[in-house]
Amino acid sequence: MPAPADILLQVRDLRTWFLTDAGPVRAVDGVSFDLRAGETLGIVGESGSGKSVCAKSIMRLLDEPARIVGGSILFQGRDLANLDEAAIRSVRGREIAMVFQDPMTSLNPVLRIARQLVEAMTAHGRFTPKAARLRAIDLLRRMGVGAPERAINSYPHQFSGGMRQRVMLSMGFSNEPALLIADEPTTALDVTIQAQILELLRELNHDFGTAVILISHDLGVIANVCQRILVMYAGEVVEEGPPEELLSDPRHPYTWALLHAAPRIDATATDRRLATIDGQPPDPRAWPDGCRFRARCPFAIAQCADHPALLPINDTRASRCWVTQQGGTLRPPERAHPAPTMAIADARQPLLEVTDLHKHFVLPKDGYFTPARVLRAVDGVSLTVHRGETVGLVGESGCGKSTLARLVTRLHAPTAGKIVFDGIDISQARQSDIRPLRRRMQMIFQDPYASLNPRMSVGEILAGPLLLHRIVDSRSAASGRVGELLDLVGLPATAAGRFPHEFSGGQRQRISIARALAVGPDLVVADEPISALDVNIQAQIINLMVDLQERLGLTYLFIAHDLAVVRHVCDRIIVLYLGKVMEIARAADLFTRPLHPYTSTLIAAAPVPDPRIERTRRHVPMKGEPPSAVNPPSGCRFRTRCPIAQPRCTVEEPVLQPGVAGQMVACHFPGAL
Amino acid sequence: MIRYVFSRLATSIVLVLLATLVVFLIANTIPGDPALAALGDEQASDPAAVSAFRALYGLDKPLWEQYWRFLQRLAHGDFGRSISSRRAVMADIIDYAPATIELATIAFLLSLLIGLPLGIIAAVRRDSWVDHLARAVALIGVSAPTFWLAFIMLAIFYGYLGWAPGTGRLDPIAFAPDRITGMLLIDTIILGDWETFRDAAAHLVLPSIVLASATIGLITRTTRAAMLEALSQDYVRVARAKGLLARVVITGHALPNAMLPVVTLGGLAYANLLTGAVMTETVFSWPGLGRYTFRSAVSVDFPAIMAITTIVAAVFVLVNFLVDLSYAMLDPRVVKK
């Protein structure tokens, strides 16, 4: 335990409850930890674990009806939990600053960046407006914002998400606070931008000596920035320790479960299924007696009926688990299924063939006389998906992967090019001709909250496509089939009578999958189907999709920004950049031997939840942000961010051609990085 | 920004022209012959008198020519002669419009003065007594019928309590000031005639409250909803996390965002007040455009109807143009670089 002298923050038995009409929701329920000056502490846990509420309690930024009902937050000799409003205001932004998850909504859209930065400094009377402005420009430059003198006069909408997060960090550091709390600061960003922001955070901690509390659901993010990790579950800290030890030798089954549920970019296992734990986190209105993880714990013993305390394991580690406190070990999970033999065989029969596909969106004009601008979202893509195969589409936001998904299912009409589905050219087909084909190709969408009609019961949602395509001819026959579908995705038959809002995110995604499968499709296009879900739920959905593929012989076009997930589930992977294909390769080849520099940088940017491995991995710096698809760079589109770009790349566009072992790559210097 | 202003202005002019065309066509297709309506039974039975009347007002010309003449005269501010009053329509409008503009403007200012603060405080102190009051005011204002409210107000404050003066713009025995703008409050200030100013102001109290009642309700409701929305945004939490004063967070961060829907509604509300005061003007014997409109409609007075409709269209287009401009000033995202 750290010496008391250099302790900056001491949280003791913090209890923050939401006092609702239906009784108290005990979101944070007895959290204690220390933070030394200049230390970086990571807090990890799934949604509802209390990690964000914990951070807001420290800043006293709780919204109604949340209250701090017990405990203390000692910071520089004062108990923040008991400060009056004026006193806590002098701490906020000056002594403790906070950076939030979504940079797109964290800046006020109607105020200039300058005003938002300057007021953060002048509010505490430490700077005159003039001095604050000069300092703001310096800070923006330090955070990597180009041309800060001009940028400071911009409005937030003129900035990308990554740039806005740099502005938020400038704001956070403007008063040189002793502590910065970053709540999921990179969750809304692309993996390449995430790597840049995390690197910046490490540098700032080093240069300014500011202590950092980094909150994330992603162990990879936490592991590479933090000196110490707290794992939260059901409103409590369940494990604490330095990342090297905690991640290689977890001493709480929940940490163990998190670690094994997350697919890893450096994975070697051939099994597509991930180790998951059953069930859901307990209800925060009535935490169970005893260990709160007991109901889901594969290691539970009789003693777990008593509530365990957070006890030290050694000088730096502590755990809240009876099993490990008694010297028990948490053995690695056994794979329940043997490695699947994927039935890709099928004579490599193509199910979907796309040739030189284009989709151009005409943007609204600025004025009556200006020429219309064209966004080339998909700009000449060719690909083939074979029967029974899982093909992954990866790339940063704006690369055209979602547009491509909507083109192949003909939700969009292509501007040019050919789409052949099972021998039928559907590129110019009318909607009435496509409709019968919809039975055979279905989509699963990213947001399970927006993609299910809230006014329809689950039974109606699933019966709709059955009746529409006349797969069944009566409502009673439909309800029988609905029961089968629910069973297929692991939901009880009683779910049919309930409405979407009664389900969790993971359960809703199961309903989405059931809806897609209702009509018995051949091809399922899944657009980021798991990115809105918690790690363990992600693993459950992946396992479900893998199971269904084996049972029903499905073909997947799987769109994701998370490379580790794609590596895990896909046979072949297509890397997109600004509407063009950069590389196509078998999953294993792509990760062991990326030929395109863009693929290499993407892989390097994805963090591995093990600091020791991370130190040995290659780090390829990814410059800047993706250019606009309205005005793509000449020659190779990636050249403006490419570490090995040559003069040739500016003038000559590389064509997609076979490289090593049938791997397709569009680069003048394949494999040079 | 300048390009934005001009493109909005061009759109506005096209809209007004389209509106006049629509009005013209509708007025010409409805049943009801203005000649028969204006001449009276005896003269209307004389075909010579009818055709003379038609020739005088150009009603015998083809439709497109009538419209073209209408547009030409419109360019000179000439709406033709009113069939019922036999005067230039423009002269009628100059007589009647100031009373309405004065009443509508006072009612609009009243709506803003009450609706905005009430809505803001109701949102900031959600579920407090202010919030309940705001909701009650909004409900009553929106749902109480104008004629009912007008009679009740007159009965209580004029008839029973005697606190307010009766109907009309001035006391019957008072002399109207020399006409400068036709708006009594402004004219009396210019002339320094404070006694008449007080009289005119007193006469405005009841009708402007009645006219404003629905608008107060709408603005309170919209402001409250927009403020609640703005206060729940991430940037407001960020502003609090900077350690700003609560007052600065509310007025500096939430309010500018909350104003966007309120400006849209406010513009439409002002246009409605200017053009929709028929009921209030009738009950309060207010010599304004509302009553003029009503009279012209009943007597199928084509030139007057078209003039009024053109003005109404122009008012709405102008107000929307101003709303667009203030929107562009409030929200930088509207005008792209």
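Residue numbers begin at 1 in each chain, while the letters A, B, ... track the order of the sequences.
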Any residue of residues 178-188 of chain A which, by heavy atoms, sits under 4.5 Å from chain B: none

Residue-level interface, residues 107-130 of chain A with chain B, non-hydrogen cut-off under 4.5 Å: A:L107, A:N108, A:P109, A:V110, A:L111, A:R115, A:Q116, A:E119, A:A120, A:A123, A:H124

Side chain, backbone, both or neither of A:T105 within contact of chain B (heavy atoms, under 4.5 Å): both

Heavy-atom contacts under 4.5 Å, residues 160-176 of chain A to chain B: A:M168, A:M171

Euclidean distance, B:D331 CG relative to A:H157 NE2, rounded to 0.5 Å: 8.0 Å

For chain B, the option from A:G93, A:A86, A:S90, A:P177 that forms the most heavy-atom pairs under 4.5 Å: A:G93

For chain A, the option from B:S232, B:A230, B:A241 that forms the most heavy-atom pairs under 4.5 Å: B:A241

B:R333 and A:Y155, any side-chain heavy atoms less than 4.5 Å apart: no

Residue part contacting chain A, namely of B:L244, when any heavy atom lies under 4.5 Å: both

By side-chain contact (heavy atoms from CB on, under 4.5 Å) - contacts of A:D21 (at least two apart): none

Pick from B:A239, B:P256, B:A254, B:G252 with the largest number of heavy-atom pairs that fall under 4.5 Å of chain A: B:G252

Nearest-0.5 Å distance, CE of residue A:M98 to CZ of residue B:R240: 11.0 Å

